[in-house]
Structures are given as structure tokens and as C-alpha cells.
Amino acid sequence: MSVSSSVSSAQVITIDDVRSLVSQQWGYDSFRPLQQEAIENVLAHRDSVVVLPTGGGKSLCFQAPACALEGLAVVVSPLISLMKDQVDALHTNGVAAAFYNSSLTPAERNSVIDAIRSDALKLLYLAPEGLLTENMMSLLCGVPLSLIAIDEAHCISSWGHDFRPEYRGLKTLKQRFLGVPIHAYTATATERVRQDIATQLALEEPAVLVGSFDRPNLKYRVERKAGGIDQILNVVHQHQGESGIVYCISRKEVERTAEALDALGHSALPYHAGLSDIDRQNNQEAFLEERVDIIVATVAFGMGIDKSNVRFVVHSGMPKSLEAYQQESGRAGRDGLEADCCLFYGGGDLMTWKRIMDSSGEANEAALAALEAIDRFCKSTQCRHKSLVEHFGQAFDPTDCGACDICLGDLDLVEDALIIAQKILSCVIRLEQMYGAEYTAQVLVGSQEKRILEKGHDKLSTYSLLEEYSKSVIRDWIEQLLGQDCAVKYGEYSQLQVTELGWKVLRGEHTPKLVKPVSKQSRKQQQTVDPASWDGVDRQLFESLRELRREFATEQGVPAYIVFGDATLRDLARRRPSTTENLLKVNGVGQKKCDDYGRQFLEHIADYCHETGAEQDSVPEPVSQSTPSDHPSSGLTASAVSAFPHFKAGTSIAETAQKMARAESTVRGYLGQFIKHEQITDPSPWVDFATVERIRAALDTVEGDRLKPIFEHLGGEVSYDHIRIVASCLANVEGT
Ligand code: ADP
Ligand code: ZN
């Protein structure tokens with residue numbers, strides 16, 4: 001059966017009609033880039049392929065015209081969770097929408113079917129397999145359709161990174177629904193995938209719109225992993241009380257990191273494929289409803305997460321491709337407000353991924369090439385925005401993006417890069433291009449290691465040529481030279497070989513860029529958030545509005561940002577409206593939301609302003625916020641943090657060691673971290689009073705920081721452990 005169900009041709013809806021509808025129902029006063037063009041194609045009943053980055057606002061491109069046009073819009077979406085969120089969001093904007101899938105009860109399904117038959121819906125969300133059943137197809141052939149929107153359209157292409165065979169069946173839509181325009185939407189599509197989408201869906205001369213892949217509101221920072229969780233903590237501390245995602249490569253690391261963050265008083269929950277369905281769902285909901293700030297997850301988390309106010313995404317290890325990185329980091333800042341994306345990569349991450357891919361049978365050429373590409377990105381000295389955008393085949397013009405570690409000068413360029421590079425490359429040559437990066441760095445730093453001495457490499461002219469630097473700095477430089485094609489790795493042991501460009505460096509004809517990691521001090525100054533969008537925002541009011549939002553969200557069982565996004569809350573806390581009229585001027589407040597939540601929010605704001613004397617209905621002059629302070633680095637490790645509850649409970653070192661199945665010496669190390677991190681000043685749980693006093697006296701008498709003279713001063717009667725504990729506690733007293 002092939003029934004035509006095209007829209008009535010008498011209907012003429014203009015872009016201005018849609019604009020005023022968007023302003024009324026969504027409360028947006030302007031379109032994002034390409035939204036207008038995309039909507040115009042829909043209004044012109046012309047097939048289209050729309051490629052906009054995550055957060056670009058694809059949904060509005062079909063939702064808004066669907067509301068304006070006659071008939072029902074069918075939206076194909078791959079995930080049930082995604083549908084529910086979108087439909088919830090539409091309901092809060094007063095749009096008649098529904099989804100139809102296996103999560104509904106038979107009664108709920110019947111009522112959706114009734115609604116379809118009686119033309120009561122503007123949008124219907126379906127998974128491909130749900131749409132393609134004969135029953136659903138016949139039902140939909142019998143009602144007027146305005147359009148068919150295919151979300152996550154790259155799933156139809158085997159060239160994409162997320163091929164779903166069930167999408168292939170969508171091919172038949174064009175024949176079954178004659179005259180109904182089809183619009184495909186995706187965030188990631190290379191030229192090839194774009195073509196494939198159009199072909200597979202049998203689109204007729206589709207308009208193709210490709211938005212900029214750049215996400216200017218995301219600030220990228222890429223750092224070598226220092227070990228421990230300090231780097232993650234730094235980010236978390238800058239975003240107290242805000243939503244964030246921490247991605248880890250392994251499940252074990254997810255567990256450890258979530259526990260550590262939790263033990264340190266940050267609300268965090270784990271998410272990975274090893275958890276039960278119930279736990280996963282609960283943790284995800286807690287995150288969406290803002291009952292927990294941080295979700296620590298493997299890549300299993302995120303598909304279908306539309307939460308718009310994620311303020312940071314941390315990668316505690318290297319992702320497996322730039323596509324994955326773009327998508328995972330892209331979950332930050334979908335509301336267009338600034339957000340931080342921090343990637344901490346380790347030397348071993350590449351090998352870890354290769355192992356994972358080998359065991360899962362994913363290790364094909366394309367996957368390995370993608371791994372190499374992200375590895376180069378991590379070690380690159382080129383603007384992160386530029387690298388990402390160019391990877392996706394677009395040009396990036398700004399010479400300074402102002403929002404990445406490279407452009408912000410987070411990493412200093414080494415002044416004598418040419419000389420250093422020459423030293424490194426000539427060492428590679430002296431080693432006859434037979435050794436890897438680690439060994440080469442050891443030779444350059446002048447290591448006394450047996451292997452080096454045995455092979456007589458301490459006799460090389462390049463031995464200890466860079467002894468004033470640490471081995472890890474030299475390793476980084478080697479990687480940077482590799483990243484700039486001055487050398488390549490080859491063979492089973494990743495031996496180094498100098499390339500043609502490398503020879504140019506040796507001859508002084510080309511100067512590569514080398515960066516050295518900056519000191520903690522200067523990084524601190526640069527890790528400030530752009531205060532622009534906080535300008536004039538009353539933070540205290542913002543916080544209390546978040547509470548109110550949470551109450552609504554919990555009451556209605558929807559994610560908090562569906563009630564109001566962060567941008568809206570900030571604008572509310574900035575303008576502090578006293579009337580409905582002014583409330584409607586606030587970004588993201590449409591008529592429906594104004595009706596639903598307006599009264600409570602207006603009352604809340606009035607009460608607050610009354611109590612604090614804050615002015616209402618004003619758009620204050622921008623004021624700069626003070627920058628959040630950096631958290632001091634403590635060398636803290638996740639394993640140490642797991643011992644903290646024992647120390648807090650006053651458990652002895654011996655007992656803690658037993659409980660944790662660790663050596664006492666290890667636990668003593670943990671205790672040191674505990675005292676430092678928690679700024680403990682009282683050593684009495686571990687050292688008796690008399691001994692404390694003896695040590696204190698000795699510390700006063702003996703000069704210097706070294707423990708040995710104190711040990712000797714005390715006649716060897718007091719253990720080093722006790723001296724160390726007391727000294728650390730007293731240092732905290734002085735430090736405050
Ligand atoms: P995508 O599907 O492209 O990732 P969404 O459709 O989920 O993006 O939109 C991302 C966010 O941007 C949402 O919070 C949405 O409400 C908001 N948004 C979309 N269009 C506009 C607009 N014109 N003005 C303001 N906010 C918008
Ligand atoms: Zn940059």
C-alpha cells in the first residue's frame with residue numbers, strides 16, 4: 001500500500017510566523033546560526049540534511065515548524081531516553097507531543113494511537129523499529145503528515161561512527177509517504193557520511209546545511225596526567241555545585257574516582273556497563289535531576305543525555321578518537337554558556353586502548369588511525385579549536401581562539417626550541433635510530449641505568465646533553481617532535497627515526513615548536529572562567545532559584561534543566577523581574593512556562609529582593625566576578641582517599657592496613673596525604689601526648705626541615721613515623 005499524505009498546499013506559513021511562535025512558546029528572541037535556514041527549508045517542503053554540532057539547536061529546526069504546519073510530524077530517534085526528554089521538554093513549552101515505544105503500557109499506547117487518529121498531536125517520536133512495523137506505517141499513512149525528521153541521522157551510514165542496522169529500513173519511507181518531506185539531522189558527518197545519508201534515505205535534491213563545528217563557548221585544556229586525582233579536583237573545585245562529567249577509560253577507575261570524589265565531599269556517582277540497569281538508570285536520573293553534581297563514567301554514558309547545563313567535562317585519560325572526544329566534550333555547555341573541557345592524557349593510554357580494541361575485536365585500521373589522531377592532538381602545539389575543526393574538514397581562521405590552553409599561553413613555548421630539538425634528534429641518530437622514546441630520554445638526561453652503561457651509551461656525545469631537564473619533560477618534547485613530523489615511530493618497539501623534516505631541523509633550516517609545562521603559579525592565573533555570562537547575576541539568588549527549579553523538577557519527575565536552563569536562571573537572577581511582562585523578557589521564558597512557573601518564580605524573586613534590598617526589574621551594569629581560586633596541589637591519590645574514612649574514624653595505622661589489605665608503610669603514606677589534605681593539626685589519634693611534646697620540643701630546638709637530626713636529637717627513641725606525623729600536623733598549624 002502506498003498512500004499519499006502530503007500537506008495541504010493552501011497552507012502558507014512564513015518564517016516570521018515561526019519566529020513569533022518560537023518567541024511565544026520557547027521564549028527565544030533569536031535563532032541560532034543556520035536554524036532559520038533549516039526552518040525555511042522545512043517550510044518550503046524541501047528535503048534537507050542539517051549538520052549542526054551538539055548544542056547547536058537541531059531540535060528547534062523541526063519542532064518549531066512542526067508546530068506551525070498542519071498535520072503530524074514524525075520524529076525518528078534512536079534512544080528511548082532521548083525521546084522522553086524531548087517530549088517532556090515540549091510539554092513544558094505547551095506543545096502537543098508524544099512518543100510511542102516499548103516503555104509505554106498498553107493503555108498508554110492506545111491513548112497515543114487515539115491522539116494520532118484524532119489529529120491531536122503535532123509531534124510523534126518513534127524509534128526506527130517502532131515506526132517500521134506494518135501497523136504503525138498503515139496508521140500513519142492514514143493521517144496528514146507535515147514532515148519526517150530523522151534525528152542522529154549518521155546512524156544510517158556504515159561510514160559513520162555509530163552505525164545502527166535498524167536505521168537502514170528508513171529507506172522505504174520516501175516511497176511509503178509520497179510527498180512528505182524528509183529532514184535528516186546529525187552532529188557529526190563527514191562529506192562521505194552526508195552523501196550516504198541522502199542516498200540511503202532517497203532524499204530528493206536535498207538542501208544541505210552544515211554548521212560550524214567550532215564550539216566557541218568550550219574552553220579546551222589538554223595536560224599530561226600527573227597521576228593522582230589533583231588535576232580532576234582542580235576542575236571540580238572551580239565548579240562547586242555545578243554539573244559535570246568525568247570520563248575514565250576503565251570501570252575500575254570509574255569506581256575509584258567516584259569513591260574518592262565522594263569521600264572528599266563532592267557529590268558524585270559512577271556509571272558504567274558493569275552496573276545493574278537499575279543502578280545505571282538511578283544514577284543517570286540523579287544527575288539529570290541535579291540530586292548529584294558529578295557523574296563519573298566510562299564512554300557508556302552520554303548517548304541521549306540532553307542536559308544543557310553541564311559546566312565541565314573531564315577526561316581522566318585519552319579518548320579513543322577525535323570523534324569520540326568531540327562528542328563527549330560536546331556534552332558540556334549545550335546551553336551556549338561557557339564550560340570547561342579538560343583532557344588529562346597519559347603515556348600509556350594509547351596502549352590501553354589498543355589492548356581494549358584487540359580484545360573486543362575493534363582493532364581495525366580505521367580505529368588505529370583514529371587513535372593515532374587523538375594521540376597527536378594531545379601532544380600538539382596547535383590551537384585546540386583549530387585542530388578539532390580542521391579534523392572535521394572545516395577551516396578555522398582566528399589566530400587566537402582565546403579559549404584553549406595553547407592560545408591562552410597556558411603552555412610556554414621554549415625559547416631555544418631549535419637547539420633542544422637538535423640535541424634530541426642527534427641523540428636519536430647517535431643511537432642509530434634503534435631505540436624508543438623512553439630510552440632516548442634516559443640517555444639525554446644522563447641516566448645511570450644498567451642497560452645504558454652496559455651498552456656504553458654513556459660514552460655517546462649526546463649522553464646527558466639535556467641533564468638540566470627532567471626525563472618526563474624530555475619525553476614530552478620527543479612526543480611533540482613526533483607530533484610535528486620531525487620523527488616517526490616504527491617497528492615492534494616503537495623505535496624512533498628522524499624524518500626528512502627532522503633532518504631540516506638538524507641542519508637548522510626549520511624550527512619546531514616545543515612547549516614546556518608552566519608552573520602551577522602561572523596556570524592559576526589563567527584558569528579563570530570567562531565572567532561575561534555571569535555579569536550582573538546575583539549569585540545568591542541564582543543558587544536559591546536552582547533550589548526552586550529542583551523542587552519543580554522533582555515534583556514533575558523531569559530533569560531540572562527542562563524546567564529552566566542555566567542561562568534562564570542567570571538571566572532571572574540578573575533582571576530580577578517583578579511582573580509577568582518583564583518575566584517574559586527573560587531569555588528562555590515563553591508563555592507556557594510563564595503560566596506554569598511564573599507565579600512561584602516571581603514570588604520567590606520578590607521575597608529575595610525584599611529581604612536583601614536588591615533592586616528589581618533592572619538590567620545592571622556588568623560587574624566582574626572574582627575568579628575562583630585554584631585548589632592547592634597535594635599529590636593526592638585516589639587510593640589514599642579511600643583510606644580517609646578510616647583515619648577519620650580514628651582507626652590506627654596497623655588496623656587500617658589490615659582492613660585495606662595494604663602494607664603499613666603504604667598506609668603511613670596515605671596518612672601523610674590525609675593530614676596534608678584535611679589540614680589536620682592534632683596528632684593525638686596516632687601519637688601519645690608525651691611523645692608529641694617531646695617531638696614538639698625537638699622541632700623547636702633543631703634547625704632545618706630534615707627529620708634525621710630530630711630523630712638523632714631524640715636519641716633514636718622516637719620513630720620516624722611519629723616524627724613525621726607530628727611535624728606535618730604542626731606545619732598545618734603554622735600554615736593557617
Ligand atoms: P542539539 O540537538 O543540536 O544538540 P538542542 O536542540 O538540544 O541541540 O539544543 C541545545 C540547547 O540550546 C537547548 O537547551 C535549547 O533549548 C537551546 N536552544 C536551541 N535553540 C535556541 C535559540 N534559538 N535560542 C536560545 N536557546 C536555544
Ligand atoms: Zn586556541
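First listed ligand is number 1; within each ligand, the first listed atom is number 1. Here the structure is a predicted model, which means the values were calculated and not measured.
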Chemist: Can you check the number of protein N/O/S atoms within less than 2.8 Å of the Zn ion (ligand 2)?
Modeler: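 Under the 2.8 Å cut-off, the count stands at 4.
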Chemist: For the ring pair Tyr100 and Tyr125, is the centre-to-centre distance below 6.0 Å?
Modeler: no
Chemist: Using only atom types and a distance under 3.5 Å, with no angle test, would you say the side chain of Asp400 pairs donor to acceptor with the backbone of Gly402?
Modeler: yes
Chemist: Taking the six-membered ring where the residue is Trp, are the ring centres of His315 and Phe344 under 6.0 Å apart?
Modeler: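 No; Phe344 has its ring centre 6.0 Å or more from that of His315.
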Chemist: With a 4.0 Å cut-off on heavy atoms, is Ser30 in contact with ligand 1?
Modeler: yes
Chemist: Is the shortest N/O to N/O distance between Ser59 and ligand 1 below 3.5 Å?
Modeler: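 Indeed, backbone or side chain, Ser59 has an N or O that close.
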Chemist: Tell me the protein heavy atom at minimum distance from atom 20 (N) of ligand 1, and give that distance in Å.
Modeler: Gln35 NE2, 2.9 Å
Chemist: So, for Arg32 and Gly57, which heavy atoms are closest and what is the spacing to 0.1 Å?
Modeler: NH1-N, 4.3 Å
Chemist: Evaluate the salt bridge (charged side-chain N to carboxylate O under 4.0 Å, His left out) criterion for residues Glu290 and Arg546: first the C-alpha distance (whole Å), next the side-chain angles of each, then the deciding distance (0.1 Å), finally the verdict.
Modeler: CA-CA 9 Å; Glu290 304 199 347; Arg546 283 185 71 200; 3.5 Å; yes
Chemist: Would Gly588 count as a contact residue for ligand 1, given that I'm defining contact as a non-hydrogen atom of the residue lying under 4.0 Å from a ligand atom?
Modeler: no
Chemist: Passes side chain to side chain contact (heavy atoms under 4.5 Å, CB included), Leu43 versus Thr14? Steps please.
Modeler: CA-CA 7 Å; Leu43 296 179; Thr14 67; 5.8 Å; no
Chemist: Hey, do the aromatic rings of Phe62 and His183 have their centres closer than 6.0 Å?
Modeler: no
Chemist: Would you confirm whether the ring centroid of Phe552 sits within less than 6.0 angstrom of the ring centroid of Phe564?
Modeler: no
Chemist: Scan the protein's non-hydrogen atoms and note whether one is under 4.0 Å from atom 13 (C) of ligand 1.
Modeler: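 There is no protein heavy atom less than 4.0 Å from atom 13 (C) of ligand 1.
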Chemist: Using the rule salt bridge (charged side-chain N to carboxylate O under 4.0 Å, His left out), only one of Arg384, Arg221, Arg224 pairs with Asp405; which is it?
Modeler: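 That would be Arg384.
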Chemist: Looking at ligand 1, is there an atom of it that comes within less than 4.0 Å of some heavy atom belonging to Gly565?
Modeler: no
Chemist: Heavy-atom distance to atom 26 (N) of ligand 1: which of Gln86, Glu152, Gln36, Arg32 wins?
Modeler: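 Considering heavy atoms of Gln86, Glu152, Gln36, Arg32, the nearest to atom 26 (N) of ligand 1 sits in Arg32.
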Chemist: One thing to verify: whether Arg311 and Asp566 come together as a salt bridge, which I'm taking to mean a side-chain N less than 4.0 angstrom from a carboxylate O.
Modeler: yes
Chemist: With heavy atoms under 4.0 Å as the rule, classify the contact between Pro53 and ligand 1 as side chain, backbone, both or neither.
Modeler: backbone
Chemist: Within ligand 1, which atoms have a heavy atom of Arg334 less than 4.0 Å away?
Modeler: 1 (P), 2 (O), 4 (O), 7 (O), 8 (O), 10 (C), 11 (C), 12 (O)
Chemist: Looking only at N/O atoms, are Gly57 and ligand 1 under 3.5 Å apart anywhere?
Modeler: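 Yes, Gly57 has an N/O under 3.5 Å of an N/O on ligand 1.
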Chemist: Out of Phe62, Trp26, Tyr28, who is nearest to atom 15 (C) of ligand 1 when you count heavy atoms only?
Modeler: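 Ranked by closest heavy atom to atom 15 (C) of ligand 1, first place is Tyr28.
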Chemist: Please determine, by modelled atom types, if Tyr185 and Glu152 share a side-chain donor-acceptor pair under 3.5 angstrom.
Modeler: no
